[in-house]
Amino acid sequence: MNTAIESGRRVCSHKRSVRLPSGFLYTALAASVLFLPLAAHSAAEGMELPNFEPKITWKVSSGNLTKVCHNYSEGDWRFRHCRRKAQSLFREKCREHTKQMRKSTGEQRSKARKQKKIFCATFRP
């Protein structure tokens, strides 16, 4: 079915023309201007902004990491991206505190051991 819009009328090749509501042309034009760039961007980028860097937040409750990336809503692509980044950050912190624990003695070693326990054992997305 070939359809074209000309001055507020829908013209079909095999049917008679039908009068459309007066605001239709304006609404169609506004929708194409407002949503076309977003649709083109989201299709090309998979709904992710190319330079998005998440702010990773977490809380420590009784020796465990809790509320990781709670500043983003669950299910949002930003939340998933944040959790992926958090996992690599916590893996790096685990390695850092493990090295620090091996090199230090006394109170610094016990602090490093507690931090190692928090970052190495508790976060599994």
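- S61 places no side-chain N or O within donor-acceptor distance of the main-chain N or O of T66, the cut-off being under 3.5 Å.
- For the 3.5 Å distance criterion, the side chains of H81 and R78 fail to qualify, holding no donor opposite an acceptor.
- The shortest non-hydrogen separation linking R80 to G75 is NH1-O, 2.7 Å.
- Side-chain contact between T57 and K67 is absent, with no heavy atoms from C-beta onward closer than 4.5 Å.
- To the nearest 0.5 Å, atoms NZ (K85) and CZ (F90) are separated by 13.5 Å.
- Under the 4.5 Å side-chain criterion, counting only non-hydrogen atoms from C-beta, N71 is in contact with K55.
- Taking CD from E96 and CG from L89, the interatomic distance works out to 9.0 Å, rounded to the nearest 0.5 Å.
- Between Q108 and K103, every side-chain heavy-atom pair lies at or beyond the 4.5 Å cut-off.
- Of all heavy-atom pairs between V68 and F79, the closest is O-CE1, 3.9 Å.
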Self-check item: Test side chain to side chain contact (heavy atoms under 4.5 Å, CB included) applied to K117 and R113, step by step
Solution: CA-CA 6 Å; K117 181 182 176 188; R113 184 179 291 125; 5.8 Å; no

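- Once rounded to the nearest 0.5 Å, the distance linking NE2 of H70 with NZ of K59 reads 5.0 Å.
- Here the closest non-hydrogen pair linking K93 and W58 is CE-CH2, 4.1 Å.
- Residue D76 holds its CG atom at 11.0 Å from SG of C69, rounded to the nearest 0.5 Å.
- The side-chain heavy atoms of H97 and M101, taken from C-beta on, include no pair separated by under 4.5 Å.
- Ring pair F52/Y72 is perpendicular by interplanar angle, where above 60° counts as perpendicular and below 30° as parallel.
- With a 4.5 Å cut-off on side-chain heavy atoms, L65 and V60 count as touching.
- Between atom OG of residue S110 and atom NZ of residue K116 there is a gap of 14.0 Å, rounded to the nearest 0.5 Å.
- Atom SG of C82 sits about 12.0 Å away from atom CD of Q87, to the nearest 0.5 Å.
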